[in-house]
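Report on the following structure.
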Amino acid sequence: MTSGPARDERDRTAAFLDVQEGRGPVPILDDAGIERVLRETHRIAVVGASSNPDRPSYGVFRSLVAFGLDCVPINPNERAVLGVPAFPTVVEAAESTGPFDMIDVFRRSELCVPHARQAVAVGAWVLWLQLGVVNWEAATIANDGGLAVVMDRCTAIEWGRLRAG
């Protein structure tokens, strides 16, 4: 029986394959569902947004704002991203600034469960885990809370791919 790091890596690979092959424990949005979400989303909490231009979350945050979306950075280590005040949690941001359509998560896969719980708590309707991020427990929490779920996809890439033209 495999244990330790080798088992963790095997489980991580299996989780990604389950997303790609559509065989996880809860439904994940397909291209048509993602396109609908992108058309209907106006306000996004970007968990893990960074003011560091070298971080992917900075580039995606910048792109989403350029697309005309109202984005709020969620990061306890930031004061602001691109001049937008940051908040330590999704719940604090929603209490201070209003509801969110989408919670877009830039965190390691194993850190996503609390963000799924917060997405449900604030009444968002989409939990989006960024490219390279898969967590079936977080997806299940979101799904059970009535949210649509996207995993292992980049909002900025999908916007350009599905909304262009």
Side-chain angles (χ1 to χ4, degrees), residues 9 11-75 77-78 80-84 86-87 90 93-94 99-116 118-120 122 124-143 145 147-165:
E9 188 58 31
D11 290 347
R12 180 174 159 77
T13 300
F16 276 88
L17 288 172
D18 287 344
V19 170
Q20 292 173 0
E21 296 175 6
R23 62 175 184 222
V26 298
I28 303 301
L29 291 182
D30 60 7
D31 282 355
I34 290 171
E35 185 175 10
R36 180 185 55 78
V37 161
L38 294 175
R39 288 192 191 291
E40 297 175 7
T41 293
H42 303 287
R43 193 143 199 280
I44 303 175
V46 182
V47 177
S50 174
S51 61
N52 180 345
D54 295 330
R55 305 282 302 184
S57 62
Y58 175 89
V60 170
F61 189 90
R62 184 184 64 219
S63 294
L64 295 175
V65 170
F67 296 148
L69 296 161
D70 179 11
C71 297
V72 176
I74 310 299
N75 188 329
N77 300 315
E78 295 286 354
V81 176
L82 294 172
V84 180
F87 292 85
V90 169
F100 294 102
D101 302 319
M102 177 191 296
I103 309 305
D104 187 7
V105 182
F106 282 89
R107 299 292 312 273
R108 291 192 321 261
S109 296
E110 66 271 16
L111 302 176
C112 291
V113 168
H115 305 299
Q118 288 184 13
V120 171
V122 302
W125 56 277
V126 179
L127 175 69
W128 188 301
L129 304 185
Q130 273 292 327
L131 194 59
V133 182
V134 171
N135 184 306
W136 285 107
E137 182 182 359
T140 299
I141 290 166
N143 182 73
L147 281 70
V149 178
V150 177
M151 292 196 292
D152 192 29
R153 302 254 196 142
C154 174
T155 45
I157 290 170
E158 297 303 319
W159 185 282
R161 187 173 76 85
L162 297 170
R163 292 285 317 260

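This is a predicted model, so every value here is computed, not measured.
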Is a side-chain N or O of [X] found less than 3.5 angstrom from the main chain of [Y], in a donor-acceptor match?
X: Ser109; Y: Val134; result: yes
X: Glu137; Y: Val113; result: no
X: Trp136; Y: Val26; result: no

Verdict with reasoning, Met102 to Val37, per side chain to side chain contact (heavy atoms under 4.5 Å, CB included): CA-CA 9 Å; Met102 177 191 296; Val37 161; 3.6 Å; yes
Closest contact, heavy atoms only, [X] versus [Y]:
X: Ala80; Y: Gly83; answer: CB-C, 4.2 Å
X: Ala138; Y: Ala116; answer: O-CB, 3.4 Å
X: Val84; Y: Cys71; answer: CG1-O, 3.5 Å
X: Asp101; Y: Glu40; answer: OD2-O, 4.1 Å
X: Val105; Y: Cys112; answer: CG1-SG, 3.9 Å
X: Ala156; Y: Leu64; answer: N-CD2, 4.4 Å

Spacing of [X] atom [atom1] and [Y] atom [atom2] [to the nearest 0.5 Å]:
X: Ile74; Y: Phe106; atom1: CD1; atom2: CZ; value: 13.0 Å
X: Glu78; Y: Ser57; atom1: CD; atom2: OG; value: 8.0 Å
X: His42; Y: Phe100; atom1: NE2; atom2: CZ; value: 14.5 Å
X: Leu131; Y: Thr155; atom1: CG; atom2: OG1; value: 10.0 Å
X: Met151; Y: Leu127; atom1: CE; atom2: CG; value: 8.5 Å
X: Arg43; Y: Thr41; atom1: CZ; atom2: OG1; value: 12.5 Å

The single option from Val46, Ile157, Asp104 that satisfies side chain to side chain contact (heavy atoms under 4.5 Å, CB included) with Gln130 is Asp104
Might you work through the side chain to side chain contact (heavy atoms under 4.5 Å, CB included) test for Leu69 and Trp159, ending with a clear yes or no? CA-CA 11 Å; Leu69 296 161; Trp159 185 282; 3.8 Å; yes
Heavy-atom side-chain contact between [X] and [Y] under 4.5 Å:
X: Trp128; Y: Leu29; result: no
X: Tyr58; Y: Leu82; result: yes
X: Leu38; Y: Phe67; result: no
X: Val120; Y: Leu147; result: yes
X: Leu129; Y: His115; result: no
X: Arg153; Y: Ile34; result: yes

